[in-house]
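Let me begin by presenting the structure, written as structure tokens, before commenting on it.
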There are 2 protein chains.
Amino acid sequence: MRLNDLDERIVHALAEDARRSYADIGSEVGLSAPAVKRRVDRLRAEGAITGFTVRVDPAAMGWETEGFIEIYCRHNTSPDDIRRGLERYPEVVSASTVTGDADALVQIFASDMRHFERVLERIAGERFVERTKSVLVLSPLLRRFTSGAPA
Amino acid sequence: MRLNDLDERIVHALAEDARRSYADIGSEVGLSAPAVKRRVDRLRAEGAITGFTVRVDPAAMGWETEGFIEIYCRHNTSPDDIRRGLERYPEVVSASTVTGDADALVQIFASDMRHFERVLERIAGERFVERTKSVLVLSPLLRRFTSGAPA
DNA sequence: GCTGAAACGAAGACCCG
DNA sequence: CGGGTCTTCGTTTCAGC
């Protein structure tokens, strides 16, 4: 599934403002509004675009404390076990299995330090978790929602 | 800056689909379309909502390789130095200063391993960087764009 | 915060290269 | 097959209440 240059420019425009009108985007990329809509529909059908969402200031939502938890798993834990175990936590924003010492890296948003600690303890108590190591975010420097064009 | 229950339900609806109509959201939360719009406008003005964006499948955009780079900085490096140094890289999706051994944690999307390596080398060569430690993502398990309600 | 009218954008049918 | 034009319909937006 490969996107051409026009598709990428449309996605880029939507990444900056997902509520821009198709006509407006079209005038930027040199297409008519229906043409833009057709491409967006196709990108959605292909799964390249998975939806539209709002960018929220975490602090405004009451999530003052951000951190990462590295999880060291017991033997015979599959990635799917980890996913199933973590998806029940609303505080978990992202999770991936990773190379290196730890098995998984989990990003957390919590309302405050006590809340973070409570989540950490519950995750550390999961059956598949052997031990954890956590890192707190001091200040968020950059938070993009889409990356730029890869070379 | 505190949001009330109605605001949170509106933000939640927009988080799931930022292109839903205000009337549609209104019927869910029990408000008319203009009332919803006024609240969204206010949330934007207050900075609680910082924009609307598209959810993209990284693979479809050609970003096959994801990873994290831990940065150990030289002395006398301010968070702002790090931010200024990193914002020039389109491959950097997020960056934060963190507690623990490393000074900053940087999330990267690259097209492939060679691309990732190239970015890593360039970042490692930045003036403020003393050394780096990097971790590759094996499989993304969970990727939410907004976290759930904090207790 | 609701209602109604006017401006605007979305979505589909249709035609053209 | 992909893009442009036109028309219809729904949505946004602003007034007044």
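Lettering follows sequence order; numbering is per chain, from 1.
- Salt-bridge check for A:E91 with A:R118: failed, with every basic side-chain N at 4.0 Å or more from each acidic carboxylate O.
- Atom pair A:N4:CG and D:dG3:C1' shows a separation of 13 Å (rounding to whole Å applied).
- Atom CG of B:D41 is separated from atom P of D:dT13 by 7 Å (rounded to the nearest Å).
- At a cut-off of 3.5 angstrom, counting only N and O atoms as typed in the model, there is no donor on one side facing an acceptor on the other between the side-chain of A:R20 and the base of C:dG9.
- One interatomic measurement links the two molecules: CG of B:D24 to P of D:dC9, which rounds to 20 Å at whole-angstrom precision.
- A:S32 comes within contact range of at least one nucleobase, with a heavy-atom separation under 4.0 Å.
- An OP1 or OP2 oxygen of C:dG1 is reached within less than 4.0 angstrom by a side-chain nitrogen or oxygen of B:R39.
- Side-chain atoms of A:R55 come within 3.5 Å of backbone N or O of A:E16 as a donor-acceptor pair.
- Checking C:dG9, C:dG1, D:dC6 against the side-chain heavy atoms of A:P34 singles out D:dC6 as nearest.
- Not one side-chain nitrogen or oxygen of A:K37 sits closer than 4.0 Å to the OP1 or OP2 atom of C:dA10.
- Ranked by how close their nearest DNA chain C nucleotide is to the 5' end, A:S21 and B:L31 are led by B:L31.
- One finds a salt bridge joining B:D7 and B:R42 here, because a Lys/Arg side-chain nitrogen approaches an Asp/Glu carboxylate oxygen to under 4.0 Å.
- Looking only at distances, no side-chain donor or acceptor of A:T132 sits under 3.5 Å from a matching main-chain atom of A:I69.
- The separation between A:L14 atom CG and C:dG9 atom P is 15 Å, rounded to whole Å.
- For D:dG2, its base never sits under 3.5 Å from the side chain of A:R38 at any donor and acceptor pair.
- Between the CZ atom of B:R44 and the P atom of D:dT12 there is a distance of 14 Å, rounded to whole Å.
- Taking side-chain N and O atoms only, B:R19 has a distance below 4.0 Å to OP1 or OP2 of C:dA10.
- Out of C:dA11, D:dT12, D:dG3, the shortest distance to the side chain of A:Y22 is found at C:dA11.
- A salt bridge is defined here as a Lys NZ or Arg NE, NH1 or NH2 lying under 4.0 Å from an Asp or Glu carboxylate O, and B:D80 with B:R83 meets this definition.
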